[in-house]
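Notes follow the structure.
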Amino acid sequence: MSWEDGFAFDLGEEVQMVQETARSFATNEVLPLAEKIDHEHYYPQELIPKMGQLGFMGACVPGEYDGAELSHVAYCLIVEELAAACASTSIIVSAHNSLCISPILYFGTEEQKKTYLPKLATGEHLGCFGLSEPGSGSDAADMTCTVTKDGDDYIVQGTKNWITNGPKADTCVLFAMLDRSKGHKGICAFVHPLDMEGISRGKPEDKLGICGSPTCSLMYDGVRLTKEHLLGEESKGFKVAMTTLNGGRLGVAAQAIGIARAALRDALAYGKERIAFGKPIVEHQSIQNYLADMVSRVDAARYLTLGAAHRKDSGQDYIRHASMAKLYASETARFCANLGVQIHGGYGYVKDYAAERHLRDAKITEIYEGTSEIQRLVIASRLVAESQ
Ligand code: CAA
């Protein structure tokens, strides 16, 4: 039993095996690459087929579409283990599973599932999600990327921003506005390959953290989509986006726990070695106070996250719970990564140690897939509704 396991309830044999497999893969294959991925903004292509074979690229996809058919609890544990080794790798997997695969699984036709899921689930293809735009993020319905009808076809014009996996992706779940006068009820969702005429990709963003996770904008210039690309019903795309993000927030929460764990793990290792005033700094009360707060928060974030994932697995409403998990875990990641740097002192501020990477990686978890401000809004509005 290690402090890193930290979940008192029995996860069951299968989930525990998944956790062990993910931890062993993360420790042996991902962690040795983590510094290179961060320092060189290196995309770890070689990990993708291996993660495909292990079932990580199609974690919750049914076996009939070549997925691993795992629970969302197991999926969160995979993302957490990957993030404890390398936050970039974890979000490549999480955006792919949560943001691209899930909406196809939940809203796609049988034909769409057969077309897209097997290649995505095995890691042969990579997925992304096009919702945000240069001028709209939190107010997701205020999009200017438009779709006009030409007979049965849909012509897409506009730009999507902050596309995680964008530079490498083969498949995109896209949202575009058909009728602006209807607000969120005028939005359509599509799934399409990215090698279509009229689609171009912006230059990869030069980011503060998660430097090996490639991000770019996607430009659509008169791209002709057909009914076969429509995901869900026409004009019901906002529901697709929101439902997808509910699940995505579990993935980001799990990623944040992994980052927080890595910050604590590295701080503990450093603190046992570093001598000040004649003894290892972990024996000083001020450092112990930091460690106590860090490990308590990591455990609390995991309980919230696995609790929300369990609700999803058992078919219960989990929207507020996913937002609470994402909010708390992402603030925990920043809290722990910040103290991790503090515990390292000057060494925490230079790139010779991973402490500063954890702090840079942690920050994004408070921003993407819904900022902390949006999570608070979702939590409070659901709470009020639940108490009517
Ligand atoms: N789950 C399911 N349905 C939801 C929902 C949710 N969490 N939130 C809203 N809805 C539904 C409502 O029930 C309502 O449905 P009806 O039309 O049937 O009544 C509809 O959506 C509209 O609801 P609202 O009036 O509340 O919508 P709104 O426009 O005021 O916005 C919001 C609500 C919560 C602020 C929403 O816009 C939001 O979540 N914003 C954040 C967007 C976000 O997370 N963006 C991240 C993009 S992905 C990314 O980060 C890039 C990447 O690659 C990682």
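Just so you know, ligand 1 is whichever comes first in the structure, and atom 1 is the first atom listed for that ligand.
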- Message: Closer than 4.0 Å and a protein heavy atom, does any atom meet both conditions relative to atom 30 (O) of ligand 1?
- Response: no
- Taking the six-membered ring for Trp, are H284 and F277 parallel (under 30°), tilted (30 to 60°) or perpendicular (over 60°)? perpendicular
- Query: Within 4.0 Å of atom 22 (C) of ligand 1 (strictly less), any protein heavy atom?
  - Reply: yes
- Could you pull out, from A140, G137, G130, the option with a heavy atom nearest to atom 45 (N) of ligand 1? G137
- Query: Of all the non-hydrogen atoms in the protein, which one sits nearest to atom 15 (O) of ligand 1, and at what distance?
  - Reply: K239 NZ, 3.8 Å
For residues 81-88, which side-chain N or O atoms pair as donor and acceptor with protein atoms under 3.5 Å away, sequence neighbours left out?
{"unit_1": "E81", "atom_1": "OE1", "unit_2": "R23", "atom_2": "NE", "d": "3.0"}
{"unit_1": "E81", "atom_1": "OE1", "unit_2": "R261", "atom_2": "NH2", "d": "3.1"}
{"unit_1": "E81", "atom_1": "OE2", "unit_2": "R23", "atom_2": "NE", "d": "3.3"}
{"unit_1": "E81", "atom_1": "OE2", "unit_2": "R23", "atom_2": "NH2", "d": "3.0"}
{"unit_1": "E81", "atom_1": "OE2", "unit_2": "R261", "atom_2": "NH1", "d": "3.1"}
{"unit_1": "S88", "atom_1": "OG", "unit_2": "C211", "atom_2": "N", "d": "3.4"}
{"unit_1": "S88", "atom_1": "OG", "unit_2": "G212", "atom_2": "N", "d": "3.0"}

- Message: Please tell me if atom 43 (C) of ligand 1 is touched by the protein, where touching means a protein heavy-atom distance below 4.0 Å.
- Response: yes
- For atom 47 (C) of ligand 1, what is the nearest protein heavy atom, given as residue, atom name and distance? S132 OG, 3.4 Å
- Task: Report yes or no: is the cationic atom of R297 (NZ for Lys, CZ for Arg) under 6.0 Å from the centre of the six-membered ring of F335, at an angle within 45° of the ring normal?
- Result: yes
- Message: Taking K239 first and then E233, would you say they form a salt bridge - that is, a charged N and a carboxylate O separated by under 4.0 Å?
- Response: no
- Please determine if R382 and D317 form a salt bridge, counting it only when a charged side-chain N lies under 4.0 Å from a carboxylate O. yes
- Message: For atom 50 (O) of ligand 1, what is the closest protein heavy atom, and at what distance to 0.1 Å?
- Response: E369 N, 2.8 Å
- Query: Does the N or O separation between V378 and ligand 1 drop below 3.5 Å for any pair?
  - Reply: no
- Item | Contact check, A95 vs ligand 1, heavy-atom distance below 4.0 Å | no
- Just which atoms of ligand 1 are under 4.0 Å from any heavy atom in W162? 51 (C), 52 (C), 53 (O)
- Query: With a 4.0 Å cut-off, would you call K326 and E369 a salt bridge?
  - Reply: no
- Run the salt-bridge test on D38 and R360 with the 4.0 Å N-O cut-off and return the result as yes or no. yes
- Message: Using a 3.5 Å cut-off on N or O atoms only, is D139 in polar contact with ligand 1?
- Response: no
- Query: What class does the angle between the rings of Y353 and H344 fall in, given that below 30° is parallel, 30 to 60° is tilted and above 60° is perpendicular?
  - Reply: perpendicular
- Item | T164, any N or O under 3.5 Å of ligand 1 N or O | yes
- Item | Shortest protein heavy-atom distance from atom 27 (O) of ligand 1, along with the residue and atom involved | F238 CE2, 3.8 Å
- Message: Under 4.0 Å from atom 13 (O) of ligand 1, is there at least one protein heavy atom?
- Response: yes
- Between E283 and K279, does at least one N-O distance fall below 4.0 Å, as a salt bridge requires? no
Identify every side-chain donor-acceptor pair in residues 55-67 under 3.5 Å, counting partners at least two apart or on other chains, and give the distances.
{"unit_1": "Y65", "atom_1": "OH", "unit_2": "E110", "atom_2": "OE1", "d": "2.9"}
{"unit_1": "Y65", "atom_1": "OH", "unit_2": "E110", "atom_2": "OE2", "d": "2.7"}

- Message: If you scan the protein for heavy atoms around atom 37 (O) of ligand 1, do you find one that is closer than 4.0 Å?
- Response: yes
- If we only count N/O pairs under 3.5 Å, is N246 in contact with ligand 1? yes
- Message: For the 3.5 Å polar cut-off, considering only N or O atoms, please tell me whether Y368 and ligand 1 meet it.
- Response: no
- Task: Nearest heavy atom to atom 16 (P) of ligand 1 wins, so pick from M242, K160, H184.
- Result: H184
- Query: Which atoms of ligand 1 have any heavy atom of R249 under 4.0 Å away?
  - Reply: 39 (O), 41 (C), 43 (C), 44 (O)
- Task: Identify whether the distance between the nearest side-chain nitrogen and carboxylate oxygen of R302 and D5 falls below 4.0 Å.
- Result: no
